[in-house]
Amino acid sequence: MSESQVWDDVDAYVHEHLAPDDDVLAAALRDSDAAGLPPIAVTAAQGKLLHLLAGVQGARNILEIGTLGGYSTIWMARALPAGGRLVTLEYSPLHAEVAGRNIARAGLEGVVDVRVGPALESLPRLADENPPPFDLVFVDADKGNNTRYLEWALRLTRAGSLIVVDNVVRGGKVADPDDTTEGVRGSRAALEMIGSHPRLTGTAIQTVGAKGYDGFALARVLA
């Protein structure tokens, strides 16, 4: 059995026993696929991790940068208490339309605010609204802008908030100084920013599974 097949089998096992999809989550993936969205949503196990992190944080306000079809959005929004709010930013109108339908099917349209357009344009407008600090920020958008998203996350959070940056290992390429592709450079810059910024402390975890070899960064905002 190949190594990648083992990864897939373990992911399937975890999915079945620890993070099973219900009808709403399954439909979100199915409809995203039918609409032609790229198959890059988080896995069920990763969605469950985001759900648990939101719960551990006691999050009342969540910011997501990169909605895609709303699969990760639903996982996180379900962890919010009554009165909680999730703002999610999506560049593509098509993706946002699909996500909106998936979120409505989940009964979360009163909880989730989907905003369409380039995140670097949406973020200043969001800041101008002076929202309550976000307790959890999930960054899963164009990797070349990772450090800019981190800068905005710092402006929109508080001491103790948690920031998750997805897809930072890039199949191990993040450690290859000769790889200067945009996604690798952006991921490398994000990790180096987390390691050097006086208001951040964090780490990165390598992952394997149905989406191959990658990983995520986890950073806590300091005072």
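Basis for what follows: all heavy atoms, side chains included, without hydrogens, waters or symmetry-related copies.
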Quick one: does [X]'s side chain have a donor or acceptor within less than 3.5 Å of a partner on [Y]'s backbone?
X	Y	result
D21	A26	no
S72	G47	no
Q46	T43	yes
S92	H95	yes
N145	R148	no
K143	V184	no
D166	V168	no
R185	T180	yes
D11	A210	yes

Same cluster or not: [X] versus [Y], using hydrophobic residues (I, L, V, M, F, W, Y) connected whenever any side-chain heavy atoms lie under 4.5 Å apart?
X	Y	answer
L150	F138	no
L154	L218	no
L53	L80	yes

Salt-bridge contact R101-E97 (side-chain N to carboxylate O under 4.0 Å): yes

Lys/Arg-Asp/Glu bridge criterion (N-O < 4.0 Å) met for R170, D176: no

Can you give me the closest heavy-atom contact between [X] and [Y], atom names plus distance?
X	Y	value
V137	A153	CG1-CB, 4.1 Å
L108	R78	CD1-CG, 4.3 Å
A77	V112	CB-CG2, 3.8 Å
R60	D135	N-OD2, 2.8 Å
N167	S187	O-OG, 3.3 Å
G69	S32	CA-OG, 3.5 Å

Working for side chain to side chain contact (heavy atoms under 4.5 Å, CB included), residues I163 and L200: CA-CA 9 Å; I163 303 170; L200 290 171; 4.1 Å; yes

4.5 Å side-chain heavy-atom contact, [X] and [Y]:
X	Y	answer
R85	V111	no
L123	L63	yes
R155	E151	no

Audit row: V139, V164, side chain to side chain contact (heavy atoms under 4.5 Å, CB included) steps and yes/no: CA-CA 6 Å; V139 179; V164 182; over 6 Å; no

Stepwise salt bridge (Lys or Arg N to Asp or Glu O under 4.0 Å) test for R188 and E192: CA-CA 6 Å; R188 191 180 294 132; E192 292 173 4; 5.1 Å; no

Donor + acceptor pair across side chains of Y149, D142 (<3.5 Å): yes

Parallel, tilted or perpendicular: ring planes of W75 versus Y71, cut at 30 and 60 degrees: perpendicular

